[in-house]
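Protein chains get the first letters and strands the later ones, always in sequence-line order, with residue 1 at the start of each. Given the structure is predicted, the values throughout are model-derived calculations rather than measurements.
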2 protein chains.
Amino acid sequence: MCAVSHSLIVLGKTTVSWQGKRREGARREILASAWAVAREHGVAALTLRQVAERVGMRAPSLYSHFDSKHAIYDAMFGEAWAEFEQVMGAVVPPSSPRALVRLMCRTFFEFATSDLARHQLMNIRTVPDFTPSEENYRPAVRVYERMTELFAGVGVADPADLDLYTAVVSGLVDQQWANDPGGTRWARLVDRASDMYADAIGLPEEPT
Amino acid sequence: MCAVSHSLIVLGKTTVSWQGKRREGARREILASAWAVAREHGVAALTLRQVAERVGMRAPSLYSHFDSKHAIYDAMFGEAWAEFEQVMGAVVPPSSPRALVRLMCRTFFEFATSDLARHQLMNIRTVPDFTPSEENYRPAVRVYERMTELFAGVGVADPADLDLYTAVVSGLVDQQWANDPGGTRWARLVDRASDMYADAIGLPEEPT
DNA sequence: GTCTATAGTTTGATAGAC
DNA sequence: GTCTATCAAACTATAGAC
C-alpha cells in the first residue's frame with residue numbers, strides 16, 4: 001500500500017519510490033515466512049521469533065514493518081481472502097444451474113482443503129482475540145457478494161438456500177480435515193453432495 | 001456432591017473409601033472449574049492458575065489430582081464424549097427411517113451448538129499438541145458405533161452414506177457457530193437438511 | 001493435600017546504539 | 001531499518017515445608 005501511494009508521486013523522487021518498493025518487498029517476505037511457520041507449527045503457535053528467523057531477521061526488526069503480531073495475522077487474513085477472491089473471479093459461470101453449483105462446491109472444497117493454516121485463519125475461531133480489520137475483511141465480503149451473484153444468475157436467490165449451500169460445503173471440508181486430512185474420504189462425496197443440494201432447492205434436472 | 005459419595009459407603013474400610021471418594025470429588029470440582037474457565041476464555045486460553053483460582057486452590061495443588069495440564073484436557077475430552085454417549089444412549093430410535101435421521105440430526109445439532117468450549121474440545125484441532133488418551137477416546141468410539149447401529153437399524157449401512165450424514169450435520173453446526181453464534185440461522189435449516197439427506201440416500205417417503 | 005517459593009521457559013514488545 | 005539488550009509478563013511444573 002505504501003508502494004502504491006509512493007508510485008502516485010509524480011515527479012522525480014526515484015529514491016522514495018525505491019524505498020517504498022523495498023518496504024513492500026520486506027512485508028511480503030515476512031508474510032511468506034509467517035505462512036510457512038503457520039503451516040509447519042499451526043496458526044495458533046506462530047511466534048515472532050520463528051517468523052523473523054525464517055526471514056533472516058531478528059524479532060524486533062519485524063516491528064519496522066508491522067505494528068504488532070495481530071497486524072501480521074490481519075494481513076494474512078486479508079491475503080488469504082484476496083487469494084480466494086481471485087479464484088472466484090476466475091470462475092467462468094456455466095449457464096446450467098446444476099453445473100454452476102457443482103463448480104462452486106468443487107472450487108471451495110479444493111481451496112479450503114489444500115491448506116489447513118489458511119483455512120483456519122480464514123474462518124477464524126482458532127486464533128483467540130483476533131478480529132480482522134475492516135480493510136482486510138473487505139475481500140471476504142466481496143467473495144460472498146460474488147457468490148450471491150453467481151447463484152442469483154441461475155435463479156437461486158433465497159438466502160436460506162445459500163445458507164444451506166454453505167453448510168453442505170463447509171461440512172465436507174470440516175469432516176475432511178477432522179477425520180481424514182490429506183485423504184479423499186469426503187472429497188469423493190463432493191459431487192454427490194452437490195447433486196443432493198441441487199435436488200433439495202429444486203434445480204431442474206440436466207439433459208443427458 | 002461429597003454428601004452423595006458418603007452415602008454410598010456401605011461397610012468397613014471407611015477410611016480408604018472415604019479418601020478415594022474425596023479424591024474423586026476434588027477431581028470433579030477441578031474439572032467443573034476447568035469447563036467454566038474454558039467457556040469464559042476459550043478452550044485454548046485455559047490456564048492452570050485460573051482453574052485453581054476458581055476451585056479455591058493454588059495452581060501447584062492441581063498436580064495432586066492431575067499429572068499435567070494435558071491430563072486435564074484429556075479428562076475433559078472424555079467427559080464431553082461420555083456426556084454425548086449418555087444423550088445418544090437415551091435416544092429411543094423411531095422405526096421410521098426418516099424420523100430416525102431427523103432425530104439424529106436434531107440431537108447432534110442441539111448438543112454441538114449448546115456449548116462452544118465442549119464442541120471445540122470434542123472435535124479437537126483447536127488445542128495444539130493434544131491427543132486424547134486411549135481411555136478417554138473410547139466413549140467417542142462407542143458413540144460412533146452407536147450411530148452406526150441406529151442407522152443400520154433403518155437400513156442405512158453404506159459407509160459413504162454415513163460420511164455424508166456427518167458432513168451435513170457438522171456443516172450446519174460449523175456455520176451456526178461461525179456466522180451466527182447464539183442465533184438460529186442454521187438451526188432453522190436442520191429439518192430441511194435432514195430431509196435433503198434422506199432424499200439423497202433414497203429413504204422412502206413417510207406416509208402422511 | 002495444600003501451601004510458598006521458585007526454577008526454567010517462552011512470549012510480545014520496547015529502548016537505544018549504529 | 002536492523003541490531004543487541006532487555007523488560008515485563010505470562011506460563012507449566014517441581015521442591016520441600018507443614
Side-chain angles (χ1 to χ4, degrees), chain A residues 1-3 6 15-34 37-38 40-76 126-131 133, chain B residues 1-2 5-6 14-34 37-38 40-76 126-131:
Chain A
M1 181 189 294
C2 286
H6 280 157
T15 319
V16 172
S17 273
W18 182 83
Q19 281 180 351
K21 290 291 180 187
R22 191 82 183 84
R23 232 186 116 75
E24 199 50 34
R27 274 182 69 99
R28 243 193 283 275
E29 275 186 69
I30 290 168
L31 285 179
S33 300
V37 172
E40 204 164 323
H41 300 92
V43 185
L46 187 141
T47 70
L48 294 182
R49 280 172 171 77
Q50 280 179 304
V51 173
E53 187 186 16
R54 201 175 270 263
V55 174
M57 274 180 177
R58 302 296 185 163
S61 305
L62 299 179
Y63 286 87
S64 296
H65 304 277
F66 291 92
D67 287 341
S68 67
K69 187 186 181 183
H70 268 49
I72 294 181
Y73 276 135
D74 194 36
M76 291 170 81
T126 141
V127 182
D129 304 327
F130 169 62
T131 316
S133 65
Chain B
M1 186 187 297
C2 284
S5 56
H6 281 160
T14 316
T15 319
V16 172
S17 273
W18 183 83
Q19 281 180 351
K21 290 294 179 183
R22 190 81 184 83
R23 239 188 109 76
E24 201 49 37
R27 275 181 67 99
R28 244 193 282 275
E29 274 186 68
I30 289 167
L31 286 178
S33 300
V37 172
E40 203 163 324
H41 300 92
V43 185
L46 186 143
T47 71
L48 295 182
R49 277 176 171 75
Q50 281 179 305
V51 174
E53 187 185 16
R54 198 175 271 262
V55 108
M57 272 181 179
R58 303 294 185 164
S61 305
L62 299 178
Y63 286 86
S64 297
H65 304 277
F66 291 93
D67 287 341
S68 65
K69 186 186 180 182
H70 269 49
I72 294 180
Y73 276 135
D74 195 36
M76 292 169 81
T126 141
V127 182
D129 304 326
F130 169 62
T131 316

Rounding to an integer number of Å, can you tell me how far [X] [atom1] sits from [N] [atom2]?
{"X": "His65(B)", "N": "dA13(D)", "atom1": "NE2", "atom2": "C1'", "value": "16 Å"}
{"X": "Arg27(B)", "N": "dT2(C)", "atom1": "CZ", "atom2": "C1'", "value": "18 Å"}
{"X": "Ile72(B)", "N": "dA13(D)", "atom1": "CD1", "atom2": "P", "value": "9 Å"}
{"X": "Arg58(B)", "N": "dC11(D)", "atom1": "CZ", "atom2": "C1'", "value": "17 Å"}
{"X": "Tyr73(B)", "N": "dC11(D)", "atom1": "OH", "atom2": "P", "value": "11 Å"}
{"X": "Glu24(B)", "N": "dG1(C)", "atom1": "CD", "atom2": "P", "value": "11 Å"}
{"X": "Leu62(B)", "N": "dA13(D)", "atom1": "CG", "atom2": "P", "value": "10 Å"}
{"X": "Phe66(B)", "N": "dT2(C)", "atom1": "CZ", "atom2": "C1'", "value": "16 Å"}

Quick note, salt bridge (charged side-chain N to carboxylate O under 4.0 Å, His left out) partners involving residues 42-63 of chain A, not counting sequence neighbours, are Glu40(A)-Arg54(A)
So the salt bridge (charged side-chain N to carboxylate O under 4.0 Å, His left out) pairs with at least one residue in residues 60-75 of chain A (sequence neighbours excluded) are none
Phosphate OP1/OP2 of dC3(C) contacted by Ser61(B) side-chain N/O (<4.0 Å): yes
B/S/- along nucleotides 12-18 of chain C (protein heavy atoms under 4.0 Å) is BBB----
List the steps and the verdict of side chain to side chain contact (heavy atoms under 4.5 Å, CB included) for Phe130(B) and Val43(B). CA-CA 12 Å; Phe130(B) 169 62; Val43(B) 185; over 6 Å; no
Just wondering, do Ile72(A) and Leu48(A) contact through their side chains at under 4.5 Å, heavy atoms? yes
Can you tell me if Ser61(B) uses its side chain to pair, donor with acceptor, with the backbone of Met57(B) under 3.5 Å? no
Is a side-chain N or O of Tyr73(A) found less than 3.5 angstrom from the main chain of Thr131(A), in a donor-acceptor match? no
